[in-house]
Amino acid sequence: MSLHEAVGLRRLQKTYVVPDRTETTVQALEQVSLVIPPATFTAVVGPSGCGKSTLLHCAAGLDRPTAGDVDLLGTRITALRPAQLAAFRARHLGFVFQENNLISSLTAFDNVALPGRLAGRAQPRQKLMDILAAVGMEHRAPLRPHQLSGGERQRIAVARVMASRPPLVFADEPTGALDIGSGEVVIQWLRSLTAQGTTVVMVTHDVGAAAVADTVVVMHAGTIRATVPGGNPKVIEEHLRAVRAPVAGLAS
Ligand code: ADP
Ligand code: MG
């Protein structure tokens, strides 16, 4: 495994063919290349429709790029067969998404237990309950997702990643459906993961959340426009304003 790279995107291209309309294609990613060092927190920002989710889904092996390659932890996942890819994801990757995070037929507890079971590393009940307690959700363990609020579901999704401690964590708008307090808990938890060696990649609309990252990738129209250090929300906002400028009012 390369010591300098946890995630490597090489000239990624993603073309969607819009169903029912012949020849209509959407170029969601155009020649996107990006290297993310291990144990860092990267935020991806940009106007709605610029390709953030497509980038994240291709990087995390949830979707296949039309062209280009993705290397994760030294493995070229774009060369893996579907079963190999599923096994790689189960072993190395964790996800926190805005919605559809949890499996609706399973209780909160079983959702948290699932990744360990899938990876062949089932964990003791008490350890999983301790993790649920860490996100304030131990009293919700027997409930199913539809019995939980959006914020509670997201805390369960966080607990699920905490339980499996994967080396790579991908998050797409993890705070999008949350109140400010729950959102801050999620961002600070993502931030804390890098100290344990985890590499975190997060898509967000929230400039304040992006500023918590080490590096902020600014996208526009399927390309990376800028890569800037985190820390200062004003700097990120300026970059976003620059890419929004030509279609002010339409984008976002
Ligand atoms: P973002 O997350 O930045 O809002 P997306 O990555 O979701 O943007 O989408 C990028 C572009 O690709 C948009 O124009 C979107 O409409 C299009 N797109 C995304 N998914 C599909 C799909 N399954 N079929 C067709 N077009 C899609
Ligand atoms: Mg998106």
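Worth knowing before you read on, the calculation uses all heavy atoms, side chains too, and leaves out hydrogens, waters and symmetry mates.
By the 6.0 Å contact criterion, CZ on Arg91 is open, its count of non-hydrogen atoms from other residues, nucleotides or ligands being 12 or less.
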### Task
Before giving the answer on side-chain contact (heavy atoms from CB on, under 4.5 Å), spell out for Met219 and Leu29 the whole-Å C-alpha distance, their side-chain angles and the decisive distance to 0.1 Å.
CA-CA 10 Å; Met219 289 187 71; Leu29 295 177; 3.8 Å; yes
### Message
One pair to check against side chain to side chain donor-acceptor pair (under 3.5 Å): Asp214 and Thr40. What are the steps and the verdict?
### Response
CA-CA 6 Å; Asp214 298 306; Thr40 58; 5.0 Å; no
### Task
Apply the test side chain to side chain donor-acceptor pair (under 3.5 Å) to residues Thr15 and Gln27: give CA-CA distance (whole Å), side-chain angles for both, the deciding distance (0.1 Å), then the verdict.
CA-CA 5 Å; Thr15 308; Gln27 196 70 29; 3.2 Å; yes
### Message
Between Val228 and Thr215, is the side-chain contact (heavy atoms from CB on, under 4.5 Å) condition met? List the steps.
### Response
CA-CA 6 Å; Val228 296; Thr215 305; over 6 Å; no
### Task
For the pair Val96 and Phe170, evaluate side-chain contact (heavy atoms from CB on, under 4.5 Å) and give the outcome as yes or no after the intermediate values.
CA-CA 6 Å; Val96 182; Phe170 293 94; over 6 Å; no
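Residues Thr227 and Val216 fail the side-chain proximity criterion, which asks for heavy atoms closer than 4.5 Å. Within the 4.5 Å cutoff, the side chain of Leu193 has heavy atoms near those of the Leu190 side chain. A 4.5 Å side-chain heavy-atom check between Val45 and Ile236 finds at least one atom pair inside the cut-off. Side-chain contact between Ile224 and Leu34 is present, with at least one heavy-atom pair separated by less than 4.5 Å. The side-chain heavy atoms of Met202 and Ile187, taken from C-beta on, include a pair separated by under 4.5 Å. Looking at heavy atoms from C-beta onward, Val200 lies out of side-chain contact with Thr42 at the 4.5 angstrom threshold. Two residues are said to be in side-chain contact when any heavy atoms from C-beta on lie closer than 4.5 Å; Val186 and Pro174 meet this criterion. A 4.5 Å side-chain heavy-atom check between Met162 and Val158 finds at least one atom pair inside the cut-off.
In this structure a side-chain-to-backbone donor-acceptor pair under 3.5 Å is present from Glu152 to Ser149. A donor-acceptor pair under 3.5 Å is formed between the side chain of Arg89 and the backbone N or O of Gly61. Side-chain N or O atoms of Thr199 include one that pairs as donor or acceptor with a backbone N or O of Ala39 at under 3.5 Å. Between the side chain of Gln188 and the backbone N or O of Val185, no donor-acceptor pair lies under 3.5 Å. Gln84 contributes a side-chain N or O that, together with a main-chain N or O of Arg81, makes up a donor-acceptor pair within less than 3.5 Å. Using a distance-only test at 3.5 Å, with no hydrogens or angles considered, no donor-acceptor pair links the side chain of Arg225 to the main chain of His220. Of the possible polar contacts, none joining the Asp110 side chain to the Leu106 backbone as a donor-acceptor pair under 3.5 Å is found.
Side chains of Tyr16 and Thr54: a donor on one and an acceptor on the other come within 3.5 Å. Remark: the Thr78 side chain and the Asp69 side chain contain an N/O donor-acceptor pair separated by less than 3.5 Å.
No path of Ile, Leu, Val, Met, Phe, Trp and Tyr side chains, each step under 4.5 Å between heavy atoms, connects Val207 with Val235, placing them in separate hydrophobic clusters. Val35 and Val201 are not part of a single hydrophobic cluster, where members link through side-chain heavy atoms under 4.5 Å apart.
The distance from atom OG1 of Thr198 to atom CG of Leu168, rounded to the nearest 0.5 Å, is 8.5 Å. If you take CG on Leu143 and CG on Asn111, they are separated by 11.5 Å, rounding to the nearest 0.5 Å. For the atom pair Glu237 CD and Arg244 CZ, the distance stands at 5.5 Å (nearest 0.5 Å). Summarising the geometry, atom CD1 belonging to Ile77 is positioned 4.0 Å from atom CG belonging to Leu72; distances are rounded to the nearest 0.5 Å. Atom-to-atom distance recorded for Arg153:CZ and Arg144:CZ is 13.0 Å, nearest 0.5 angstrom.
For the residue pair Val70 and Ala59, the shortest heavy atom distance occurs at CG1-O, 3.6 Å. Scanning both residues, Pro167 and Leu73, for their nearest heavy atoms gives CG-CD1, 3.8 Å. The shortest non-hydrogen separation linking Leu148 to Arg140 is CD2-CD, 3.5 Å. Across Val218 and Val243, no two heavy atoms sit closer than the pair CG1-CG1, 4.2 Å. Among all heavy-atom pairs drawn from Ser104 and Pro145, the shortest one is O-CD, 3.6 Å. Closest non-hydrogen pair, Leu132 versus Ala141, comes out as CD1-CB, 3.8 Å.
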Output a table of donor-acceptor pairs, distance under 3.5 Å, between side-chain atoms of residues 7-14 and any protein atom two or more places apart or on a different chain; print 'none' if there are none.
from	atom 1	to	atom 2	distance (Å)
Arg10	NE	Asp71	OD2	2.8
Arg10	NH2	Glu5	OE1	2.9
Arg10	NH2	Glu5	OE2	2.6
Arg10	NH2	Asp71	OD2	3.0
Arg11	NE	Gln31	OE1	3.3
Arg11	NH2	Gln31	OE1	3.2
Gln13	OE1	Gln31	NE2	3.4
Lys14	NZ	Asp63	OD1	3.2
Lys14	NZ	Arg64	O	2.7

Using atom types as modelled, flag every donor-acceptor pair under 3.5 Å from a side chain in residues 122-131 to any protein atom, sequence neighbours excluded.
from	atom 1	to	atom 2	distance (Å)
Gln123	OE1	Lys127	NZ	2.4
Gln123	NE2	Ala163	O	2.6
Gln126	NE2	Asp130	OD1	3.0

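Listed by first and then second residue, the ring pair (Phe, Tyr, Trp, His ring centres under 6.0 Å) pairs involving residues 37-68 are His57-Phe97 (not counting sequence neighbours).
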